[in-house]
2 protein chains.
Amino acid sequence: MSEKDDFALREFLPFLLNQAAEESSLSFQKVYRDRYGMLRTEWRVLFHLGNYGEMTAKEISKRAMIHKTKISRAVQKLSEKRFVSRLRDENDRRSEHLSLTPAGEVAYRDLREVAEDYDRKLSAQFTKEETVLLRKMLSRLAGLE
Amino acid sequence: MSEKDDFALREFLPFLLNQAAEESSLSFQKVYRDRYGMLRTEWRVLFHLGNYGEMTAKEISKRAMIHKTKISRAVQKLSEKRFVSRLRDENDRRSEHLSLTPAGEVAYRDLREVAEDYDRKLSAQFTKEETVLLRKMLSRLAGLE
DNA sequence: CGGTAATAGTTGATTTTGTAACTAACAAGG
DNA sequence: CCTTGTTAGTTACAAAATCAACTATTACCG
């Protein structure tokens with residue numbers, strides 16, 4: 001089964017990005033799913049709160065580029081799991097300040113360690129300069145700068 | 001709102017990969033959706049058949065790392081649209097050989113062109129050496145080598 | 001052979017996501 | 001104040017993905 005023409009799907013950036021993203025998510029996903037029954041969005045929200053501290057859903061949405069409905073549902077789940085506490089802003093009663101509970105902190109620290117190990121493992125395939133460049137290029141492609 | 005510690009989510013490779021993948025899929029998705037009413041999986045199947053020629057669902061599944069139920073449904077849709085023809089293998093009547101119809105070829109060539117343009121546009125953000133390296137790194141991360 | 005296991009692909013039930021419309025709270029101009 | 005517009009977050013309904021169970025066919029092995 002040889003290629004029919006000169007367009008190489010395996011060179012197509014969106015394809016490569018998707019494959020790499022999927023592959024790199026898989027093994028990590030298993031951890032937060034099995035250990036804490038979390039979905040990807042929940043994990044991301046947890047990480048944002050753990051990483052940047054208290055913030056509102058809106059802020060997470062903006063930072064993580066996740067749609068507000070996903071955030072809303074993730075926060076509900078995380079709140080049910082007692083990982084996140086919600087505090088209504090008394091000056092602007094539309095918004096809520098979200099933060100990690102002690103249990104949420106524990107989960108965050110645990111998962112962060114796994115994440116760091118995993119990131120190191122991925123990066124170890126390349127030279128230091130290469131991974132620096134990779135991150136920079138991905139940031140650009142992701143529209144994060 | 002300052003960072004609480006030194007782990008940066010925005011540096012975490014799986015996060016960056018996902019964001020970059022999502023972002024890069026978005027604008028392209030619009031094309032195959034609007035022009036041919038295709039879903040992402042359908043597009044991928046079409047591209048695999050166009051790019052590598054006739055193969056079975058199983059082979060596509062393996063190559064593209066797409067689950068067989070997704071493939072099954074995508075093939076149904078593509079077959080309804082008369083983009084893909086299905087031919088049962090007479091030696092092993094469980095499997096089907098899938099290939100593009102002439103109409104499928106036309107759609108494939110059209111979309112491939114858009115894809116190539118888009119890829120060039122993405123690549124243009126970086127130097128030639130950088131994109132070569134990027135592709136290589138993504139291939140490695142995707143487990144394609 | 002005959003029975004069990006394996007494989008290709010499909011289908012159905014359950015989750016999860018996406019889109020749009022909605023509620024509640026605030027803002028600003030007249 | 002009152003209307004109109006905006007914003008934070010939720011909810012409802014449709015679309016899609018996931019997971020498990022299923023059919024049909026072939027392979028393996030005593």
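Here is how names work: the chains are called A, B, and so on, in the same order as the sequence lines, proteins then strands, and each is numbered from 1. Side-chain atoms are counted along with the backbone in the values below, which use heavy atoms only and exclude waters and symmetry mates.
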Across the strands shown, which category fits Thr69(B) at heavy-atom distances under 4.0 angstrom: base, sugar-phosphate, nothing? base
So does Lys58(A) get a side-chain nitrogen or oxygen closer than 4.0 Å to the phosphate oxygens (OP1/OP2) of dA8(D)? yes
Pick the closest DNA chain C nucleotide for Asp92(A) and for Lys77(A) by heavy atoms, then say which residue is nearer the 5' end. Lys77(A)
Residue whose nearest DNA chain C nucleotide is more 5′ - Arg40(A) or Arg93(A): Arg40(A)
Among the nucleotides dG9(D), dG18(C), dT11(C), which one has an atom lying closest to any side-chain atom of Arg73(B)? dT11(C)
Taking atom types as modelled, find out whether Asn51(B) and Arg112(B) have a side-chain donor-acceptor pair closer than 3.5 angstrom. no
Enter the distance from Leu26(A):CG to Glu22(A):CD here, rounded to the nearest 0.5 Å. 7.0 Å
Need to verify one output field. Residue with the more 5' nearest nucleotide on DNA chain D, Lys68(B) or Asp89(B)? Lys68(B)
Could you tell me whether Tyr36(B) and Trp43(B) have their ring centroids closer than 6.0 angstrom? no
Output the rounded distance in Å from NZ (Lys30(A)) to C1' (dT18(D)). 15 Å
Looking at every strand, decide which applies to Ile71(A) at a 4.0 Å heavy-atom threshold: base, sugar-phosphate, or nothing. nothing
Whole-Å distance separating the CG atom of Asn91(A) from the P atom of dA24(C): 21 Å
Write down the distance between CZ (Arg88(B)) and C1' (dT7(C)), rounded to a whole number of angstrom. 13 Å
Distance, rounded to the nearest Å, where Leu39(B) contributes CG and dA14(D) contributes P: 18 Å
Touch class at under 4.0 angstrom, heavy-atom based, for Arg33(B) against every strand present: nothing
Distance check: side-chain N/O of Ser95(A) vs OP1/OP2 of dA8(D), anything under 4.0 Å? no
Separation of dA8(C) P from Glu59(B) CD (nearest whole Å): 10 Å
Can we call the ring centroids of Tyr108(B) and Tyr32(B) under 6.0 Å apart? no
In whole Å, what is the span from the CD atom of Glu90(A) to the C1' atom of dC26(C)? 14 Å
NA contact type, Arg86(B), heavy-atom cut-off 4.0 Å: base, sugar-phosphate, or nothing? sugar-phosphate
With a distance cut-off below 6.0 Å to the six-membered ring centre and an angular limit of 45° from the axis, does Arg63(B) pair with Tyr52(B) as a cation-pi contact? yes
Without decimals, in angstroms, what is the distance between Met55(A) CE and dG9(D) P? 12 Å
Nearest-Å distance, CG (Leu87(B)) to P (dA8(C))? 17 Å
Could you pick out which residue, Gln76(A) or Arg94(A), lies toward the 5' side of DNA chain D when each is mapped onto its nearest nucleotide? Arg94(A)
